[in-house]
J.: 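Below is a structure I'd like to ask you about.
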Amino acid sequence: MKTTRAHPVPDPGSHLLELKHVVKHFDISGGLLDQLRFESGRLTRQRTTVKAVNDVSFAIAPGETFSVVGESGCGKSTLARTTIGIYPPNHGQILYREERIDNKSAQAMLPFRRRMQMIFQDPYASLNPRKTVRQTLEEPVVFHNPAISTDQVEARVAEVMSQVGVDPKWVGRYPHEFSGGQRQRISIARALMVDPEFIVADEPVSALDVSIQAQILNLLMEAQEERGLTYMFITHDLSVVQHISTRVAVMYLGTLCELSPAQTLFESPRHPYTQALLSAIPRLGQKRSRHVRLKGEVPTPIHLPRGCVFHGRCVHANRRCEEDVPKARTVEGDVQVACHGVEEGRL
Ligand code: SF4
């Protein structure tokens with residue numbers, strides 16, 4: 001695996017994609033009978049909402065690898081799916097090359113769908129078991145370019161299969177005839193078939209053996225360098241993030257805690273949650289006592305805490321943290337932190 005990124009952090013002034021105050025909640029109330037509660041002698045109707053993504057804003061520059069990290073259930077996969085249009089946001093705006101896309105019809109979104117692709121965590125689940133590799137790879141090309149000739153499609157399939165390291169002779173095989181790593185290469189090939197600009201990769205290596213993970217990451221990085229791709233990379237694996245990212249957003253309970261160039265984040269994390277997260281990475285020669293232990297459990301996204309969502313677990317919390325939601329503020333250079341303690345200068 002490569003140990004440093006080949007290109008610097010791009011100019012954040014030139015946005016490929018921008019999220020402005022995006023909110024994504026899911027109503028899981030069920031039917032009328034599920035919603036009824038008997039409280040204080042009265043029958044009331046209550047809705048249950050999972051607040052997966054809450055007021056998230058950031059911008060991704062062309063050529064970046066923008067990683068979103070956090071524990072399972074922090075909302076990062078929902079954020080990825082909302083960004084690419086699988087889920088419509090409840091509030092906020094999503095802009096692609098400064099054009100708003102969150103309110104477009106399916107027809108109006110077609111040109112953007114070609115430019116924005118997604119790679120999923122489980123390649124076996126994301127590939128249709130009844131389709132050969134040829135059918136899987138042909139489908140998006142023909143869909144976005146119905147006038148393309150059969151010969152052109154075949155040449156394109158062979159070219160992209162070679163690029164991702166899958167022998168084009170295997171074009172007639174089905175997904176179950178490949179290993180996990182090969183299936184993920186085919187998933188990457190499917191995303192590359194339509195020549196995208198922007199790829200959201202949702203935990204693309206976490207379902208693979210460790211020995212295969214580095215190969216797939218290197219393949220993604222090589223594709224980026226050859227094609228000038230921009231990545232939004234979703235993962236819980238901080239060692240992966242450190243190697244591939246230009247900037248990193250840290251997420252906790254659906255909110256962004258910290259957004260920073262990767263090197264700065266790993267050298268000097270500012271938000272108490274980021275510090276706890278990074279302290280859990282085992283390092284050679286590091287004493288066990290440097291591991292920051294958090295108190296309590298992660299609250300449910302159905303009942304978000306008031307104020308800072310992290311206050312119940314933060315050893316630096318004060319009265320203000322229990323009442324006011326901290327806003328993301330630029331603390332130095334490209335570093336943004338949402339924390340009262342950092343803003344007040346006590347952290
Ligand atoms: Fe801790 Fe307060 Fe900062 Fe939240 S805002 S991380 S509770 S110090």
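Atoms within a ligand are numbered from 1 in the order they appear, just like the ligands themselves.
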J.: For atom 5 (S) of ligand 1, which protein heavy atom lies nearest, and how many Å away is it?
T.: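 Result: H340 N, 3.2 Å.
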J.: For ring-ring contact (aromatic ring centres under 6.0 Å, His included), just list the numbers for F58 and F66, CA-CA rounded to whole Å, side-chain angles, deciding distance to a tenth of an Å, and then say yes or no.
T.: CA-CA 10 Å; F58 58 78; F66 183 92; 4.7 Å; yes
J.: Show the atoms of ligand 1 that are less than 4.0 angstrom away from any heavy atom in A317.
T.: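 Counting atoms of ligand 1 from 1, those under 4.0 Å from A317 are 7 (S).
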J.: Which bit of R320 gets closer than 4.0 Å to ligand 1, counting heavy atoms only: side chain, backbone, both or neither?
T.: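 No part of R320 is near ligand 1 at this cut-off.
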J.: Would one find an N, O or S atom of H311, in either backbone or side chain, under 2.8 Å from atom 3 (Fe) of ligand 1?
T.: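 So H311 does not count as coordinating atom 3 (Fe) of ligand 1.
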J.: Could you list the atoms of ligand 1 found under 4.0 angstrom from a heavy atom of H271?
T.: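 By the 4.0 Å cutoff, the relevant atoms are 6 (S).
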J.: So, R247 and D334, do they make that salt bridge, N to O below 4.0 Å?
T.: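 Looking at D334 together with R247, the answer is no, because their closest N to O distance does not fall below 4.0 Å.
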J.: Any carboxylate oxygen within less than 4.0 angstrom of a Lys/Arg side-chain nitrogen, looking at E343 and K327?
T.: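 Answer for the salt bridge query: no.
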J.: Report the nearest protein non-hydrogen atom to atom 3 (Fe) of ligand 1: residue, atom name, distance rounded to 0.1 Å.
T.: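 For this ligand atom, the closest protein heavy atom is C339 SG, 2.3 Å.
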J.: When you measure from the side chain of R183 to the backbone N and O of F178, does any donor-acceptor pair fall under 3.5 Å?
T.: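 Indeed, once roles are kept as given, a pair shorter than 3.5 Å links the two residues.
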J.: Rounded to the nearest 0.5 Å, what separates atom CZ in R190 from atom CG in L192?
T.: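 If I round to the nearest 0.5 Å, the distance is 11.0 Å.
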J.: Can you list the ligand 1 atoms lying under 4.0 Å from a non-hydrogen atom of C321?
T.: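 The atoms of ligand 1 under 4.0 Å from a heavy atom of C321 are 2 (Fe), 5 (S), 7 (S), 8 (S).
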J.: Decide, counting backbone as well as side-chain atoms, whether C308 has an N, O or S atom less than 2.8 Å from atom 2 (Fe) of ligand 1.
T.: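 Short answer: no, not a single N, O or S atom is under the cut-off.
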J.: Please give me the minimum heavy-atom distance between M116 and T83, naming the atom from each residue.
T.: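 Closest pair (atom of M116, atom of T83, distance): CE-O, 3.7 Å.
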J.: Does the plane of the ring in H176 sit parallel, tilted or perpendicular to the ring in Y174? Use 30° and 60° as the thresholds.
T.: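 Because their plane-to-plane angle is under 30°, the rings of H176 and Y174 count as parallel.
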J.: Relative to the heavy atoms of P272, which atoms of ligand 1 are at a distance of less than 4.0 Å?
T.: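 In order of number, 6 (S).
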J.: Looking at F310, which atoms of ligand 1 are within less than 4.0 Å of one of its heavy atoms?
T.: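 Numbered from 1, ligand 1 contributes 6 (S).
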J.: Please report which non-hydrogen protein atom sits nearest to atom 1 (Fe) of ligand 1, along with the residue it belongs to and the distance in Å to one decimal place.
T.: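 The closest one turns out to be C314 SG, 2.4 Å.
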J.: Using a strict threshold of under 4.0 Å (side-chain N to carboxylate O), is an ion pair present between R100 and D102?
T.: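 Answer for the salt bridge query: yes.
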